[in-house]
Amino acid sequence: MGENDPIFLLKDAHAFLRDLPGAEPHFFDTGHFALEDKAHEMIPVMRLPRANPFAR
């Protein structure tokens, strides 16, 4: 998430942790188009969700 995003506010990003307690939020010094600006920093920390969320 971009720390300077005028649409998705930083304070609102923390609300996701209530719904996704296993999430690991990462914040980047960028705006709304974070992936376009900081892909080289963001891609290494991204993980795709598992097909079966109950699988271990």
Side-chain angles (χ1 to χ4, degrees):
M1 168 167 224
E3 291 178 336
N4 304 312
D5 190 331
I7 297 171
F8 297 108
L9 304 176
L10 188 59
K11 68 176 181 69
D12 297 331
H14 293 286
F16 283 106
L17 296 177
R18 287 192 304 264
D19 298 326
L20 302 167
E24 295 178 15
H26 297 270
F27 303 99
F28 299 88
D29 184 19
T30 184
H32 184 67
F33 298 100
L35 191 55
E36 292 179 14
D37 295 339
K38 301 284 182 167
H40 64 283
E41 293 178 33
M42 297 177 76
I43 290 172
V45 299
M46 292 178 155
R47 292 185 305 177
L48 295 175
R50 296 178 181 168
N52 180 352
F54 301 103
R56 290 194 181 256

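Residue numbers start at 1 and run along the sequence shown.
The line from CZ of Phe28 to CG of Asp5 is 13.0 Å long, rounded to the nearest 0.5 Å.
Here the closest heavy-atom approach between residue Pro44 and residue Ala39 is recorded as CD-O, 4.1 Å.
Sorted by first and then second residue, the salt bridge (charged side-chain N to carboxylate O under 4.0 Å, His left out) pairs involving residues 16-25 (not counting sequence neighbours) form an empty list. Under the side-chain hydrogen bond (donor to acceptor under 3.5 Å, both in side chains) criterion, the residue pairs touching residues 34-44 are Thr30-Asp37, with sequence neighbours excluded.
At a threshold of 4.5 Å between side-chain heavy atoms, the hydrophobic network of Ile, Leu, Val, Met, Phe, Trp and Tyr places Leu35 and Val45 in one connected group.
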